[in-house]
Participant: 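I am attaching a structure below and will ask some questions about it afterwards.
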Amino acid sequence: MSNEDTLKEAKQRYKATVHLPQTDFPMKAGLQEREPALQKKWAEEDLYGKIRAARKGAKPWVLHDGPPYANGDAHTGTGMNKSLKDMVVKFRTMQGFDSPYVPGWDCHGLPIEHKVLQEMGGKLPEGTTALQMRERCLEYATKYIDIQRKQFQATGTLGRWDEPYLTTNPSYEANVLAVFRDLFAKGYITRAQRSVHWSWAAQSALAEAELEYEDRQDTSIYLRMMAQGQVAGVDNVALLIWTTTPWTMPANLAIAAAKDAEYAIVEYTRDGKPERMVVAEELREAVADKSGLTDVKVLKHLRGAELEGVNYTHPLWGTTCPVVFADYVTLEDGTGLVHTAPGHGKEDFETGKNHNWFNVDRPVCPVSENGTYYTGERLREELNLPKDYKDDSGWLAFIDGKHIMKANDAIVERLREQGLLLHSEKFTHSYPHCWRTHTPVIFRATEQWFVNVDHVEPGQTKPLRQRILDEIKLCKWYPSWGEKRISAMLENRPDWCISRQRYWGIPIPAFMDEGSGKVCMSQATVDRVISLVAEHGSNVWYDDANWPVDKLLPDDVRPDEFKGRKLKKMDDIFDVWFESGSSFQAVMRTDADLKDKALSENGRTTHSGMYLEGDDQHRGWFQVSLILSVATTGVAPFRDCLTCAFVVDEKGEKGSKSKGNMWPIDQGCRDLGADLVRLYFASIDTSSPVPVTYDLIRGAGDSYRKLRNTWRTLVANLFDFDPDKDAVAADKLSQLDQWALSRTAGLVEDVTACFERYEFHHAMRALVQFCTVELSSQYIDVCKDELYCEAATAPRRRAIQTVYWQVAQVIAKFMAPVTVHTAEEMWQYMPKPETESVHLALWPTVGGLLTRKPELDKRFKLMFRLKAESDRVLDRLRKEKVIGKGYDANVTLGLGNDLMKELANYGTPEQLQAELPGLLNVSKVALDASSDHAALQEFEPATDVQGLWVKVEASAEQACVRCFRRTGDVGSVKEHEFLCTRCAKVVG
RNA sequence: GCGCCGGUAGCUCAGUUGGUUAGAGCACACGCCUGAUAAGCGUGAGGUCGGCGGUUCGAGUCCGCCCCGGCGCACCA
């Protein structure tokens with residue numbers, strides 16, 4: 001055999017004695033195949049049930065799920081919401097809390113009713129009963145619950161999916177009514193005539209949360225309202241008003257002016273004829289410019305107060321109307337004289353009410369629920385015109401039955417023909433729209449049920465609004481500005497209109513005496529309805545055949561004045577927000593799995609630990625939940641309120657189903673892997689708009705692969721490690737091992753703190769950073785030689801394996817709430833895992849081996865800085881082809897006095913010279929503190945360490961064929977001529 | 001109009017109570033290793049920290065004004 005052959009053969013032979021990593025844990029994730037399989041396994045083995053059993057009796061910490069609407073696909077944004085919730089629940093579970101997750105759905109409401117009506121051809125067909133229609137709605141909702149459930153489950157979210165809460169469950173409905181009953185008992189409920197937001201397309205009143213502001217172009221008009229008699233001694237004067245809603249002119253009852261403002265009476269020429277009008281002095285020029293008036297003369301200035309007693313002739317009806325004063329008249333836009341139509345404006349309504357222009361039953365509101373003017377007699381009646389009114393002008397016939405949006409332009413033209421229109425122009429402004437039909441909303445005076453937010457209930461000193469604001473302060477808001485936002489909203493919000501004129505919902509349990517028109521409601525009557533609904537569901541209200549009024553409300557539960565009277569059921573249903581806002585009662589306080597799981601802390605008890613939704617819920621679910629919970633139980637429904645922002649597409653546009661720029665969440669999970677999608681959501685700051693595209697999510701693959709591969713290396717080196725037998729005690733660990741554990745302990749502190757604050761992206765950053773720097777580039781790289789080349793059972797090797805084992809557990813656990821499938825897959829490769837599933841394991845805590853050692857952190861920070869300087873010079877020599885791998889080199893560190901002293905803290909020169917080759921991944925390191933390094937060419941000054949010079953030279957020594965190091969002692973053991981002493985001993 | 005949140009490398013983001021020469025990952029360039037291998041390691045280039053002014057021995061960080069982006073609230077008669 002030639003020497004070369006001998007060497008080759010020796011390499012082969014010795015290689016077999018090296019403990020190379022071994023693992024079946026695949027490098028490639030294959031999420032698309034593995035995730036569904038794992039989910040199936042979890043379902044079959046009932047992992048959720050096992051978690052519940054394992055945490056039974058533990059301290060509760062419940063995230064209460066806000067119910068998504070049972071309509072359409074669960075898109076990416078909804079999926080992000082569910083994923084974040086699952087992260088919180090899994091984290092709290094791992095912290096040892098009993099943290100059940102009961103998902104729910106919002107099933108009633110206009111959108112479904114709308115869809116079903118469309119399927120029926122636009123309106124309820126003749127002969128179809130409300131009951132039949134409601135059955136269809138329920139079918140529709142049920143269908144989408146099944147669809148969405150599968151979509152949500154694709155994210156790997158665990159929970160009580162087989163028994164979610166539904167707002168259509170009779171028990172849920174009964175609880176909503178119970179909340180109403182309590183409010184009623186405490187005096188919060190009023191029924192009153194008010195001007196409310198009204199969607200003529202949806203034919204229903206709308207809540208603040210159901211409005212979306214969109215830009216809209218309207219025609220704004222400047223209209224001359226002819227004053228009767230003199231104004232401040234001037235004849236023939238018009239009062240100039242401005243409006244963007246000409247369709248409200250028929251309902252005009254007055255003009256409002258500002259008492260303290262200065263007005264001008266001006267004269268100008270139009271169409272060759274002189275005209276006079278009153279306009280606010282401040283707006284005079286602007287109005288004249290816009291209207292193209294040239295020769296404007298001011299005849300007189302006057303205070304607003306001087307307009308007192310002035311009347312004008314209604315431009316349509318010829319009736320006499322007054323000028324009044326109102327404090328909301330401003331001089332920013334318009335003319336300083338405000339068209340006032342109490343039937344179509346909130347403030348106008350108040351003005352009308354203050355002046356007793358209408359009795360409670362009948363403000364002037366000629367517009368019907370579908371947005372058309374009333375017709376015939378009804379129109380006359382609603383307009384409150386004199387009985388003998390002759391429609392000489394033809395206005396009555398003109399608007400009769402017309403749709404307001406169509407009438408707008410026609411009315412403008414007609415006013416122009418009458419010569420009353422000074423000017424008209426297009427005007428773009430943001431205007432409230434119905435969130436479902438996307439049609440402009442109007443104000444319409446109707447009779448509705450309200451929750452009075454400023455009511456002081458018996459036994460309380462503060463109004464509800466203030467008590468809610470107090471509770472808000474006691475909650476924790478993430479991000480913190482959420483508190484300001486919701487406080488501001490609560491401070492400003494009007495009373496809550498809770499009635500809707502629809503079918504698909506829970507009926508407001510009110511009866512009316514057909515004879516007297518009086519409303520019949522008492523605690524007893526509501527309780528009666530509650531018990532029926534609990535048993536039969538809310539359909540009893542619509543089931544006239546089986547539940548006629550007298551059976552629904554027998555005499556014995558009626559208040560005395562209604563006994564024996566002919567009653568009818570009233571038609572209103574609850575605003576869906578009232579339903580979902582009652583979930584703290586219908587779910588948290590009554591569900592069998594949740595009712596004893598309120599969160600108690602520092603003497604304060606809230607019905608749940610957390611609500612987590614999109615930040616649009618500040619004006620939606622959070623707010624209504626707060627109102628109902630504080631009003632009925634005195635406390636907020638949650639301790640923590642976490643919000644996330646909307647998802648947006650690559651152009652930054654809000655993702656929405658209707659736009660089609662977002663895909664269903666399960667599709668993304670299937671195509672990319674649920675863990676990747678979840679990791680992406682956990683890697684980004686979800687408090688500002690979250691951009692979501694396939695490419696962006698694929699970008700999270702970098703982090704994913706880093707985590708997976710680093711972990712794979714750890715576990716691959718544990719193939720012969722049995723923690724029970726091989727784990728070593730703390731005193732057997734090297735300083736480097738302890739440093740690694742110290743850094744891990746630091747990571748535990750950081751990541752835990754981040755999870756506690758729900759800052760998943762900071763936690764993930766810390767984790768990935770740790771894997772990249774401390775593990776991959778530092779600890780793992782440095783440990784390879786000892787791990788591979790020492791004897792299998794050598795204390796050094798077992799020490800490193802002990803560290804790997806510890807660190808591998810920590811990483812798998814930290815990944816568990818986020819990459820739920822991958823962490824579970826990892827867990828199956830852990831030697832002797834502490835639990836059957838990673839999701840049953842306990843969150844890592846600091847202590848024992850995982851102890852922070854700041855002095856070691858400091859020591860190795862310096863060591864790795866030395867390594868960085870050495871690497872820089874090594875790299876140069878590599879590029880110059882002087883050396884290849886690090887073991888080809890010997891390094892001499894030239895040390896200044898200060899650095900030498902600093903190093904002395906960490907060991908004698910001999911100790912350091914023994915330790916550093918390993919750390920620097922070179923064959924030999926010498927410390928030289930005596931030369932004048934600056935003067936020596938072969939020394940290169942360090943760039944980032946004061947008083948350090950580096951010299952690198954190729955080693956002349958022979959490399960050990962087993963460990964590749966050039967230690968200078970190869971062949972010292974006769975039987976192993978190609979090995980260094982260490983390897984020879986190991987091989988034996 | 002009022003308010004909130006952002007603006008740091010080509011991209012995604014860190015940057016603690018003001019404190020050496022502003023960091024990381026990806027991407028890019030150049031190398032090494034072939035015993036983490038559809039991996040791993042190293043080096044490099046890349047920044048007027050949105051702009052201007054102020055406080056300070058010292059400002060990405062604190063203050064004021066402005067610009068840009070996002071959002072919320074109000075007004076919209």
Participant: Does A:H762 reach a base, just sugar-phosphate, or nothing at all? Heavy atoms under 4.0 Å.
Facilitator: sugar-phosphate
Participant: Counting the atoms with a prime plus P, OP1 and OP2 as sugar-phosphate, which does A:R962 contact under 4.0 Å by heavy atoms, base, sugar-phosphate, or nothing?
Facilitator: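 It contacts base atoms.
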Participant: Tell me whether the ring of A:F964 lies stacked over the B:G35 base, given a 5.5 Å limit on centroids and a 30° limit on the plane angle.
Facilitator: yes
Participant: By the 4.0 Å heavy-atom rule, please label A:G699 as base, sugar-phosphate, or nothing.
Facilitator: nothing
Participant: Within the structure provided, determine whether A:R444 and A:V196 are in side-chain contact (heavy-atom separation under 4.5 Å).
Facilitator: no
Participant: Going by atom types alone, do A:T439 and A:H433 pair a side-chain donor with an acceptor below 3.5 Å?
Facilitator: no
Participant: How close or far is atom P of B:G35 from atom CZ of A:F719, stated in whole angstroms?
Facilitator: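 Whole-Å distance recorded here is 15 Å.
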Participant: Taking the side chain as every heavy atom from C-beta outward, state whether A:W477 and A:R485 have any pair of such atoms under 4.5 Å apart.
Facilitator: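 Result no, sub-4.5 Å side-chain heavy-atom pair not found.
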Participant: Identify whether any heavy atom of A:R619 sits under 4.0 Å from a base atom; if not, whether one sits that close to sugar-phosphate; answer base, sugar-phosphate or nothing.
Facilitator: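 Sugar-phosphate, no base atom in range.
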Participant: Which one, B:G15, B:A38, B:A24, comes nearest to the side chain of A:M27?
Facilitator: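 Nearest to the side chain of A:M27 among the choices is B:A38.
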Participant: Under 4.0 Å, counting only non-hydrogen atoms across every strand here, what does A:K11 touch: a base, just sugar-phosphate, or nothing?
Facilitator: nothing
Participant: Between B:G18 and B:C63, how far apart are the C1' atoms? Round to whole Å, please.
Facilitator: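 Here B:C63 and B:G18 have their C1' atoms 13 Å from each other.
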Participant: Once you round it to whole Å, what is the distance between P of B:U8 and CG of A:D685?
Facilitator: 14 Å
Participant: Please answer whether the main-chain N or O of A:P342 pairs with a side-chain N or O of A:D348 as donor and acceptor at a distance below 3.5 Å.
Facilitator: no
Participant: Are A:Y704 and A:R708 close enough that a side-chain donor and a side-chain acceptor fall under 3.5 Å?
Facilitator: yes
Participant: Check every atom of B:G25, B:U37, B:G35 against the side chain of A:R712 and return the nucleotide holding the closest atom.
Facilitator: B:U37
Participant: Within a radius of less than 6.0 Å around CD of A:E749, do more than 12 heavy atoms belonging to other residues, nucleotides or ligands occur?
Facilitator: yes
Participant: Could A:K11 and A:F978 be counted as a cation-pi pair, given that NZ or CZ must be under 6.0 Å from the ring centre and within 45° of the axis?
Facilitator: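 Checked: cation-pi criterion not met.
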Participant: Looking at A:Q12, I'd like to know if its CD atom is crowded, meaning that more than 12 non-hydrogen atoms belonging to other residues, nucleotides or ligands lie closer than 6.0 Å.
Facilitator: no
Participant: Looking across every strand, which nucleic acid part, if any, lies under 4.0 Å from A:H344 by heavy atom: base, sugar-phosphate, or nothing?
Facilitator: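 The residue A:H344 makes no contact with any strand.
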Participant: Between which residue ranges does RNA chain B form stems of three or more consecutive Watson-Crick or G-U wobble pairs, both distances under 3.5 Å?
Facilitator: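 If one scans RNA chain B for consecutive Watson-Crick or G-U pairs, the stems found are B:1-7 with B:67-73, B:10-13 with B:23-26, B:28-32 with B:40-44, B:50-54 with B:62-66.
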Participant: Taking only the side-chain heavy atoms of A:R485 (C-beta and beyond), determine which of B:A36, B:G35, B:C71 contains the nearest atom.
Facilitator: B:C71
Participant: Check nucleotides 42-45 of chain B for protein N or O atoms closer than 3.5 Å to its own N or O atoms and list the pairs.
Facilitator:
from  : atom 1 : to     : atom 2 : distance (Å)
B:G42 : OP1    : A:S777 : OG     : 2.7
B:G42 : N2     : A:D875 : OD1    : 3.2
B:G42 : N2     : A:K879 : NZ     : 3.4
B:G42 : N3     : A:D875 : OD1    : 3.4
B:U43 : O4'    : A:D875 : OD2    : 3.4
B:U43 : O2'    : A:D875 : OD2    : 3.3
B:G44 : OP1    : A:R872 : NE     : 3.1

Participant: Quick check on B:G3: is either OP1 or OP2 less than 4.0 Å from any side-chain nitrogen or oxygen of A:K484?
Facilitator: no
Participant: Checking only heavy atoms, does the side chain of A:S776 share a donor-acceptor pair with the base of B:A36 at less than 3.5 Å?
Facilitator: yes
Participant: Whole-Å distance between B:C75 C1' and A:N492 CG?
Facilitator: 13 Å
Participant: Quick check: do A:N921 and A:K867 have side-chain heavy atoms less than 4.5 Å from each other?
Facilitator: yes
Participant: Check the phosphate of B:C41 against A:K885, side-chain N and O only, distance under 4.0 Å to OP1 or OP2. Yes or no?
Facilitator: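 Indeed not, no polar side-chain atom of A:K885 lies that close.
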Participant: For A:T943 and A:R872, which I'm curious about, is there any donor-acceptor pair between the side chains at under 3.5 Å?
Facilitator: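 Result is yes, a qualifying pair exists.
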Participant: If the C1' atom of B:G19 is compared with that of B:U61, how far apart are they to the nearest Å?
Facilitator: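 It comes out at 11 Å once rounded to the nearest Å.
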Participant: Relative to the 5' end of RNA chain B, which residue comes earlier, A:F646 or A:H761, by the nucleotide with the nearest heavy atom?
Facilitator: A:H761
Participant: Pick base, sugar-phosphate or nothing for A:T243, based on heavy-atom distances below 4.0 Å to the nucleic acid.
Facilitator: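 Result for A:T243 = sugar-phosphate.
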Participant: Given side chains that start at C-beta, do those of A:V773 and A:F864 come closer than 4.5 Å, heavy atoms only?
Facilitator: no
Participant: Just how far, in rounded Å, is P of B:C33 from CG of A:L920?
Facilitator: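 Interatomic distance, CG of A:L920 to P of B:C33: 18 Å.
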Participant: Hey, is the side chain of A:K706 pairing donor to acceptor with the base of B:G25 inside 3.5 Å?
Facilitator: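 No.
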